[in-house]
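Below you'll find the structure, written out as C-alpha cells, and then a few comments.
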Amino acid sequence: MSIGTIHNSGNTDARKSLGIPLALGSCHTARIEGYAIEGHVPAKEIKRLLRERPVAIGLAVPGMPLGSPGMNGPDFDNQTQPYDVLLVLKDGSTRVFQSYHR
C-alpha cells in the first residue's frame, strides 16, 4: 500500500467531503482505497476493511481513547480505555466493527 498524495487541510471539511458524521470526529482523517478513516484506527482493522470490502463509508474511532494507536505506551502511563472501531454505513449510522480493551 503506497502513501499517495497527502493533503493537509481542515479535518471538518475532510470529514464532510468523505461523509463522516461530525459527531464521530477525531484528530486524523484519511481516505484509503475509497474508504474514509477517521481517528486512531488500528492498522489491523484497516487491513480487514480492505480485505472484506463492506458497503460502507469507512471506519472511525471517535475522540482520542487511551490505548489506541498513537495514544498508547509509556507517554500515556500505559493506560487504556475501552473503545470501539465503528463501521460508518452509507446512511451515516454505525455498527461496531471491532472492540478493544473490553
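Just so we're clear, the structure is a prediction, and the values are computed from it rather than from any experiment.
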Hphob cluster co-occupancy, V85 + I46, side-chain heavy atoms under 4.5 angstrom: yes

Would you say H40 and C27 make side-chain contact, with heavy atoms under 4.5 Å? yes

Can you name the nearest heavy-atom pair linking K44 to Y100, along with the distance? CD-OH, 4.2 Å

Is the shortest heavy-atom distance from the side chain of L49 to the side chain of P54 under 4.5 Å? yes

Taking S26 for its side chain and P62 for its backbone only, find out whether a donor-acceptor pair lies under 3.5 Å. no

Which atoms form the tightest heavy-atom contact between F76 and M71, and what is the distance? CD1-C, 3.5 Å

Do the rings of Y83 and H101 sit parallel, tilted or perpendicular, given the 30° and 60° boundaries? tilted

Here's a test for you: under side chain to side chain contact (heavy atoms under 4.5 Å, CB included), which of V61, T94, I57 qualifies with L24? T94

Give the minimum heavy-atom separation between E38 and T29, together with the two atoms involved. OE1-OG1, 2.5 Å

Do L18 and I37 share a hydrophobic cluster (ILVMFWY, side-chain heavy atoms under 4.5 Å, transitive)? no

Are L50 and L89 linked, directly or through other ILVMFWY residues, by side chains that come within less than 4.5 angstrom of each other? yes

Is there a donor-acceptor pair under 3.5 Å between the side chain of D91 and the backbone N or O of S93? yes

Please step through side-chain contact (heavy atoms from CB on, under 4.5 Å) for the pair R53 and E33, ending with a clear verdict. CA-CA 10 Å; R53 295 262 176 216; E33 295 187 28; 2.4 Å; yes

Determine yes or no for a side-chain-to-main-chain donor-acceptor pair under 3.5 angstrom, with R48 supplying the side chain and Q98 the backbone. no

Mind checking whether I20 and Y35 sit in one hydrophobic cluster, side chains of I, L, V, M, F, W, Y counted as touching below 4.5 Å? no

Show your working on side-chain contact (heavy atoms from CB on, under 4.5 Å) between L86 and L59 and close with a plain yes or no. CA-CA 5 Å; L86 303 175; L59 298 176; over 6 Å; no

Is there a path from L87 to I32 through hydrophobic residues (I, L, V, M, F, W, Y) whose side chains come within less than 4.5 Å of each other? yes

